[in-house]
Protein chains: 2
Amino acid sequence: MIPERIEVTSEHHHPTHDDCRRVSTILTRVGDKWSVLVVILLGDDSKRFNEIKRMADGISQRMLTLTLRGLERDGLVTRTIYPTKPPRVDYELTALGRSLCEPVRALGMWAQIHLAEIEDARRAFDQRTEVEGSV
Amino acid sequence: MIPERIEVTSEHHHPTHDDCRRVSTILTRVGDKWSVLVVILLGDDSKRFNEIKRMADGISQRMLTLTLRGLERDGLVTRTIYPTKPPRVDYELTALGRSLCEPVRALGMWAQIHLAEIEDARRAFDQRTEVEGSV
DNA sequence: CTGTATCCGTCCAGATACTG
DNA sequence: CAGTATCTGGACGGATACAG
(Lines give C-alpha, C1' and ligand atoms only; values in the text may rest on other atoms or scores of the structure.)
Protein backbone atom coordinates (compact mmCIF):
# COMPACT_ATOMS: atom_id res chain seq x y z
CA MET A 1 0.00 0.00 0.00
CA ILE A 2 2.38 2.63 -1.19
CA PRO A 3 0.68 5.95 -1.74
CA GLU A 4 1.26 7.43 -5.14
CA ARG A 5 1.49 10.85 -3.64
CA ILE A 6 1.51 11.69 0.01
CA GLU A 7 0.12 15.15 0.43
CA VAL A 8 1.19 18.11 -1.52
CA THR A 9 0.59 21.70 -0.70
CA SER A 10 -2.90 22.67 -1.75
CA GLU A 11 -3.73 22.51 -5.42
CA HIS A 12 -0.36 22.73 -7.04
CA HIS A 13 0.40 19.48 -8.74
CA HIS A 14 4.12 19.87 -8.67
CA PRO A 15 5.80 19.52 -5.30
CA THR A 16 6.26 22.70 -3.37
CA HIS A 17 7.71 24.07 -0.15
CA ASP A 18 6.76 21.41 2.37
CA ASP A 19 7.54 18.70 -0.04
CA CYS A 20 10.88 20.14 -0.98
CA ARG A 21 11.94 20.85 2.56
CA ARG A 22 11.40 17.23 3.36
CA VAL A 23 13.38 16.09 0.40
CA SER A 24 16.01 18.59 1.34
CA THR A 25 16.13 17.34 4.92
CA ILE A 26 16.62 13.76 3.92
CA LEU A 27 19.13 14.63 1.26
CA THR A 28 21.09 16.63 3.74
CA ARG A 29 21.30 13.64 6.02
CA VAL A 30 21.95 11.29 3.17
CA GLY A 31 24.27 13.66 1.41
CA ASP A 32 26.89 13.98 4.08
CA LYS A 33 30.37 12.87 3.35
CA TRP A 34 30.18 9.28 4.56
CA SER A 35 26.64 8.08 5.26
CA VAL A 36 25.79 6.78 1.84
CA LEU A 37 29.15 5.20 1.35
CA VAL A 38 28.72 3.30 4.59
CA VAL A 39 25.17 2.26 3.75
CA ILE A 40 26.23 0.90 0.41
CA LEU A 41 29.28 -0.77 1.86
CA LEU A 42 27.20 -2.50 4.49
CA GLY A 43 25.26 -4.16 1.72
CA ASP A 44 23.50 -7.33 2.73
CA ASP A 45 25.62 -8.77 5.51
CA SER A 46 26.61 -7.38 8.85
CA LYS A 47 30.10 -6.04 9.27
CA ARG A 48 32.41 -5.07 12.08
CA PHE A 49 33.66 -1.60 12.84
CA ASN A 50 37.16 -1.94 11.50
CA GLU A 51 35.95 -3.95 8.58
CA ILE A 52 33.89 -0.98 7.49
CA LYS A 53 36.73 1.34 8.28
CA ARG A 54 39.04 -0.56 5.97
CA MET A 55 36.48 -0.60 3.20
CA ALA A 56 35.70 3.08 3.47
CA ASP A 57 39.40 3.85 3.23
CA GLY A 58 40.03 7.40 4.21
CA ILE A 59 37.44 7.81 6.89
CA SER A 60 38.72 8.61 10.34
CA GLN A 61 37.70 6.58 13.33
CA ARG A 62 35.84 9.52 14.71
CA MET A 63 33.87 10.11 11.54
CA LEU A 64 32.98 6.45 11.17
CA THR A 65 31.68 6.38 14.71
CA LEU A 66 29.66 9.53 14.17
CA THR A 67 28.35 8.30 10.84
CA LEU A 68 27.29 4.95 12.26
CA ARG A 69 25.64 6.64 15.23
CA GLY A 70 23.70 8.88 12.87
CA LEU A 71 22.58 5.95 10.79
CA GLU A 72 21.65 4.02 13.89
CA ARG A 73 19.70 6.95 15.22
CA ASP A 74 17.74 7.16 11.99
CA GLY A 75 16.94 3.48 12.20
CA LEU A 76 18.99 2.61 9.16
CA VAL A 77 21.48 0.32 10.84
CA THR A 78 21.50 -1.85 13.92
CA ARG A 79 24.39 -2.09 16.30
CA THR A 80 25.04 -5.37 18.01
CA ILE A 81 27.59 -5.64 20.78
CA TYR A 82 29.23 -8.91 21.70
CA PRO A 83 30.88 -8.41 25.08
CA THR A 84 33.73 -10.73 24.22
CA LYS A 85 37.34 -9.92 24.74
CA PRO A 86 38.30 -8.11 22.68
CA PRO A 87 34.86 -6.65 22.13
CA ARG A 88 33.11 -7.12 18.85
CA VAL A 89 30.45 -4.86 17.40
CA ASP A 90 28.48 -5.72 14.31
CA TYR A 91 26.62 -3.27 12.17
CA GLU A 92 23.88 -4.30 9.83
CA LEU A 93 21.37 -2.54 7.66
CA THR A 94 17.78 -2.59 8.83
CA ALA A 95 14.94 -3.11 6.41
CA LEU A 96 14.65 0.64 6.28
CA GLY A 97 18.32 0.93 5.51
CA ARG A 98 18.08 -1.61 2.74
CA SER A 99 15.07 0.14 1.28
CA LEU A 100 17.10 3.32 1.14
CA CYS A 101 19.62 1.57 -1.04
CA GLU A 102 17.24 1.48 -3.98
CA PRO A 103 16.73 5.19 -4.56
CA VAL A 104 20.34 5.80 -3.64
CA ARG A 105 21.50 3.32 -6.21
CA ALA A 106 19.24 4.98 -8.74
CA LEU A 107 20.96 8.24 -8.00
CA GLY A 108 24.26 6.44 -8.22
CA MET A 109 23.36 5.14 -11.65
CA TRP A 110 22.43 8.63 -12.70
CA ALA A 111 25.75 9.88 -11.39
CA GLN A 112 27.72 7.27 -13.30
CA ILE A 113 25.81 7.80 -16.50
CA HIS A 114 26.20 11.55 -16.45
CA LEU A 115 29.59 11.82 -14.83
CA ALA A 116 31.42 12.67 -18.04
CA GLU A 117 28.74 15.14 -19.02
CA ILE A 118 29.02 16.92 -15.70
CA GLU A 119 32.77 16.99 -15.79
CA ASP A 120 32.69 18.46 -19.29
CA ALA A 121 30.25 21.11 -18.13
CA ARG A 122 32.53 21.94 -15.24
CA ARG A 123 35.56 22.26 -17.43
CA ALA A 124 33.67 24.46 -19.87
CA PHE A 125 32.34 26.63 -17.08
CA ASP A 126 35.72 26.99 -15.45
CA GLN A 127 37.29 27.94 -18.74
CA ARG A 128 34.64 30.56 -19.40
CA THR A 129 35.08 31.94 -15.93
CA GLU A 130 38.82 31.91 -16.22
CA VAL A 131 38.69 33.79 -19.52
CA GLU A 132 36.43 36.42 -18.03
CA GLY A 133 38.76 36.76 -15.11
CA SER A 134 41.80 37.33 -17.32
CA VAL A 135 40.06 40.07 -19.32
CA MET B 1 20.04 2.94 -24.51
CA ILE B 2 20.53 3.07 -20.83
CA PRO B 3 23.10 0.55 -19.67
CA GLU B 4 21.93 -1.71 -16.92
CA ARG B 5 25.25 -1.41 -15.20
CA ILE B 6 28.13 0.79 -16.20
CA GLU B 7 31.32 -0.81 -15.00
CA VAL B 8 31.85 -2.08 -11.58
CA THR B 9 35.15 -2.85 -9.99
CA SER B 10 36.39 -6.22 -11.11
CA GLU B 11 34.28 -9.25 -10.34
CA HIS B 12 32.31 -8.14 -7.35
CA HIS B 13 28.72 -7.82 -8.29
CA HIS B 14 27.90 -5.38 -5.58
CA PRO B 15 29.26 -1.88 -6.03
CA THR B 16 32.56 -1.15 -4.39
CA HIS B 17 34.99 1.66 -3.74
CA ASP B 18 35.08 3.45 -7.09
CA ASP B 19 31.40 3.07 -7.45
CA CYS B 20 30.67 4.32 -4.00
CA ARG B 21 32.99 7.26 -4.21
CA ARG B 22 31.15 8.40 -7.27
CA VAL B 23 27.81 8.06 -5.62
CA SER B 24 29.22 9.84 -2.65
CA THR B 25 30.57 12.66 -4.77
CA ILE B 26 27.30 13.28 -6.50
CA LEU B 27 25.33 13.01 -3.30
CA THR B 28 27.60 15.51 -1.66
CA ARG B 29 26.93 17.94 -4.44
CA VAL B 30 23.27 17.09 -4.56
CA GLY B 31 22.96 16.85 -0.82
CA ASP B 32 23.93 20.35 0.10
CA LYS B 33 21.41 22.49 1.79
CA TRP B 34 19.85 24.20 -1.22
CA SER B 35 20.78 22.59 -4.53
CA VAL B 36 18.02 20.05 -4.68
CA LEU B 37 15.41 22.45 -3.43
CA VAL B 38 16.32 24.87 -6.18
CA VAL B 39 16.34 22.16 -8.83
CA ILE B 40 12.90 20.99 -7.83
CA LEU B 41 11.60 24.52 -7.56
CA LEU B 42 12.83 25.34 -11.03
CA GLY B 43 10.64 22.60 -12.37
CA ASP B 44 9.74 22.95 -16.00
CA ASP B 45 9.77 26.66 -16.65
CA SER B 46 12.50 29.23 -16.32
CA LYS B 47 12.46 31.53 -13.35
CA ARG B 48 14.08 34.75 -12.26
CA PHE B 49 16.49 35.17 -9.43
CA ASN B 50 14.18 36.76 -6.91
CA GLU B 51 11.37 34.52 -7.96
CA ILE B 52 13.41 31.53 -6.86
CA LYS B 53 14.52 33.37 -3.79
CA ARG B 54 10.92 33.93 -2.73
CA MET B 55 10.02 30.32 -3.36
CA ALA B 56 13.00 28.95 -1.49
CA ASP B 57 12.10 31.11 1.49
CA GLY B 58 14.92 31.24 3.96
CA ILE B 59 17.83 31.15 1.57
CA SER B 60 20.12 34.12 1.64
CA GLN B 61 20.95 36.01 -1.49
CA ARG B 62 24.50 34.87 -1.26
CA MET B 63 23.59 31.22 -0.91
CA LEU B 64 21.17 31.36 -3.80
CA THR B 65 23.84 32.88 -5.98
CA LEU B 66 26.37 30.26 -4.96
CA THR B 67 23.87 27.45 -5.38
CA LEU B 68 22.86 28.61 -8.82
CA ARG B 69 26.49 29.02 -9.83
CA GLY B 70 27.21 25.51 -8.70
CA LEU B 71 24.28 24.12 -10.60
CA GLU B 72 25.26 26.11 -13.66
CA ARG B 73 28.81 24.86 -13.41
CA ASP B 74 27.60 21.29 -13.32
CA GLY B 75 25.50 21.89 -16.40
CA LEU B 76 22.23 21.47 -14.55
CA VAL B 77 20.85 24.93 -15.13
CA THR B 78 21.33 27.63 -17.72
CA ARG B 79 21.66 31.28 -16.92
CA THR B 80 20.26 33.77 -19.37
CA ILE B 81 20.95 37.45 -18.95
CA TYR B 82 18.72 40.10 -20.47
CA PRO B 83 20.63 43.37 -20.31
CA THR B 84 17.50 45.39 -19.74
CA LYS B 85 17.07 47.98 -17.09
CA PRO B 86 16.62 46.76 -14.50
CA PRO B 87 18.52 43.63 -15.47
CA ARG B 88 16.73 40.34 -15.73
CA VAL B 89 18.31 36.94 -15.35
CA ASP B 90 16.47 33.74 -16.05
CA TYR B 91 17.42 30.36 -14.78
CA GLU B 92 16.20 27.18 -16.34
CA LEU B 93 16.91 23.50 -15.92
CA THR B 94 18.89 21.86 -18.68
CA ALA B 95 17.99 18.42 -19.97
CA LEU B 96 20.60 17.10 -17.58
CA GLY B 97 19.00 19.02 -14.75
CA ARG B 98 15.59 17.66 -15.58
CA SER B 99 16.94 14.14 -15.78
CA LEU B 100 18.31 14.58 -12.29
CA CYS B 101 14.81 15.29 -11.04
CA GLU B 102 13.73 11.71 -11.53
CA PRO B 103 16.12 9.97 -9.13
CA VAL B 104 15.83 12.90 -6.78
CA ARG B 105 12.07 12.61 -6.73
CA ALA B 106 12.43 8.90 -6.10
CA LEU B 107 14.52 9.72 -3.09
CA GLY B 108 11.98 12.33 -2.13
CA MET B 109 9.22 9.78 -2.25
CA TRP B 110 11.28 7.47 -0.11
CA ALA B 111 11.80 10.29 2.33
CA GLN B 112 8.12 11.07 2.55
CA ILE B 113 7.09 7.46 2.93
CA HIS B 114 9.57 6.75 5.67
CA LEU B 115 9.59 10.09 7.41
CA ALA B 116 7.47 8.96 10.34
CA GLU B 117 9.49 5.79 10.68
CA ILE B 118 12.72 7.75 10.82
CA GLU B 119 11.38 10.23 13.30
CA ASP B 120 10.20 7.41 15.54
CA ALA B 121 13.60 5.81 15.34
CA ARG B 122 15.20 9.08 16.28
CA ARG B 123 12.96 9.59 19.26
CA ALA B 124 13.58 6.04 20.43
CA PHE B 125 17.31 6.43 20.04
CA ASP B 126 17.40 9.74 21.83
CA GLN B 127 15.43 8.32 24.69
CA ARG B 128 17.71 5.34 25.00
CA THR B 129 20.74 7.60 24.94
CA GLU B 130 19.21 9.96 27.44
CA VAL B 131 18.46 7.13 29.85
CA GLU B 132 22.00 5.87 29.63
CA GLY B 133 23.28 9.33 30.30
CA SER B 134 21.16 9.74 33.41
CA VAL B 135 22.47 6.50 34.94
C1' DC C 1 38.84 -4.11 19.02
C1' DT C 2 35.88 -0.34 19.56
C1' DG C 3 35.23 3.31 20.99
C1' DT C 4 35.37 8.51 23.67
C1' DA C 5 37.56 13.10 24.56
C1' DT C 6 40.06 16.94 23.12
C1' DC C 7 42.26 20.17 20.26
C1' DC C 8 42.50 22.62 16.13
C1' DG C 9 42.45 24.33 11.47
C1' DT C 10 39.26 24.87 7.66
C1' DC C 11 35.21 25.60 5.33
C1' DC C 12 30.62 27.21 5.13
C1' DA C 13 26.57 29.81 5.87
C1' DG C 14 24.34 34.10 7.29
C1' DA C 15 24.21 39.12 7.83
C1' DT C 16 25.29 43.31 6.06
C1' DA C 17 26.69 46.76 2.99
C1' DC C 18 27.72 48.18 -1.44
C1' DT C 19 27.56 48.14 -7.01
C1' DG C 20 26.05 47.99 -11.99
C1' DC D 1 16.85 43.50 -10.02
C1' DA D 2 20.77 40.82 -9.54
C1' DG D 3 24.48 40.42 -7.94
C1' DT D 4 29.61 41.06 -5.33
C1' DA D 5 32.59 41.91 -1.13
C1' DT D 6 33.59 41.34 3.48
C1' DC D 7 33.20 39.89 8.08
C1' DT D 8 32.13 36.59 11.51
C1' DG D 9 30.41 32.62 14.26
C1' DG D 10 29.78 27.98 14.18
C1' DA D 11 29.83 23.47 12.36
C1' DC D 12 32.71 19.91 10.51
C1' DG D 13 36.51 16.90 9.66
C1' DG D 14 41.07 15.14 10.92
C1' DA D 15 44.73 13.93 14.24
C1' DT D 16 45.95 12.44 18.49
C1' DA D 17 45.68 10.47 22.94
C1' DC D 18 43.38 7.77 26.03
C1' DA D 19 39.78 4.09 27.96
C1' DG D 20 36.85 -0.14 28.51
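Per chain, numbering begins at 1; letters A, B, ... match sequence-line order. Since this is a predicted model, take the numbers as computed values, not measurements.
Within the structure, side-chain hydrogen bond (donor to acceptor under 3.5 Å, both in side chains) contacts touching residues 63-78 of chain A (residues at least two apart or in different chains) are A:Arg29-A:Asp74, A:Arg73-B:Asp126, A:Asp74-B:Arg122. Within the structure, salt bridge (charged side-chain N to carboxylate O under 4.0 Å, His left out) contacts touching residues 75-96 of chain A (residues at least two apart or in different chains) are A:Arg88-A:Asp90. A ring pair (Phe, Tyr, Trp, His ring centres under 6.0 Å) check over residues 94-121 of chain A, counting only residues at least two apart or in different chains, returns the pairs A:Trp110-A:His114.
In terms of modelled atom types and a separation under 3.5 Å, the side chain of B:Thr94 and the main chain of B:Gly75 share a donor-acceptor contact.
Using a 4.5 Å heavy-atom cutoff, the side chains of A:Pro87 and A:Ile81 are not in contact. Side-chain contact between A:Trp34 and A:Met63: present, with at least one pair of heavy atoms (C-beta onward) separated by less than 4.5 Å. Residues B:Ile40 and B:Val104 have side chains in contact (heavy-atom distance under 4.5 Å, counting atoms from C-beta outward).
Axis angle across the helix from C:dC1-D:dG20 to C:dG20-D:dC1, with five pairs used at each end and values rounded to 10°: 40°.
Of all nucleotides in DNA chain C, those with any atom nearer than 4.0 Å to a heavy atom of chain A start and finish, going 5' to 3', at C:dC1 to C:dT6.
Scanning for side chain to side chain contact (heavy atoms under 4.5 Å, CB included) contacts around B:Arg123 gives B:Glu119, B:Asp120, with sequence neighbours left out. Residues passing the side chain to side chain contact (heavy atoms under 4.5 Å, CB included) test with B:Arg98 are B:Asp44, B:Leu93, B:Ala95, sequence neighbours excluded. In terms of the side chain to side chain contact (heavy atoms under 4.5 Å, CB included) criterion, residue partners of B:Lys53 (sequence neighbours excluded) are, by chain and number, B:Phe49, B:Asn50, B:Ile59, B:Gln61, B:Leu64.
Of the residues in residues 67-83 of chain B, those with a non-hydrogen atom less than 4.0 angstrom from any atom of DNA chain D are B:Arg69, B:Arg79.
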**Study point:** Reading 5' to 3' through nucleotides 13-20 of chain D, protein heavy-atom contacts under 4.0 Å coded B for base, S for sugar-phosphate only, - for none
**Key:** BBB----B
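Nearest-nucleotide positions on DNA chain D place B:Arg48 closer to the 5' end than the other of B:Arg48 and B:Thr65.
Environment of CD in B:Glu102: sparse, with no more than 12 heavy atoms of neighbouring residues, nucleotides or ligands closer than 6.0 Å.
By the criterion of side-chain heavy atoms lying less than 4.5 angstrom apart, applied directly or through intervening Ile, Leu, Val, Met, Phe, Trp or Tyr residues, A:Leu42 is grouped together with A:Leu96 in one hydrophobic cluster.
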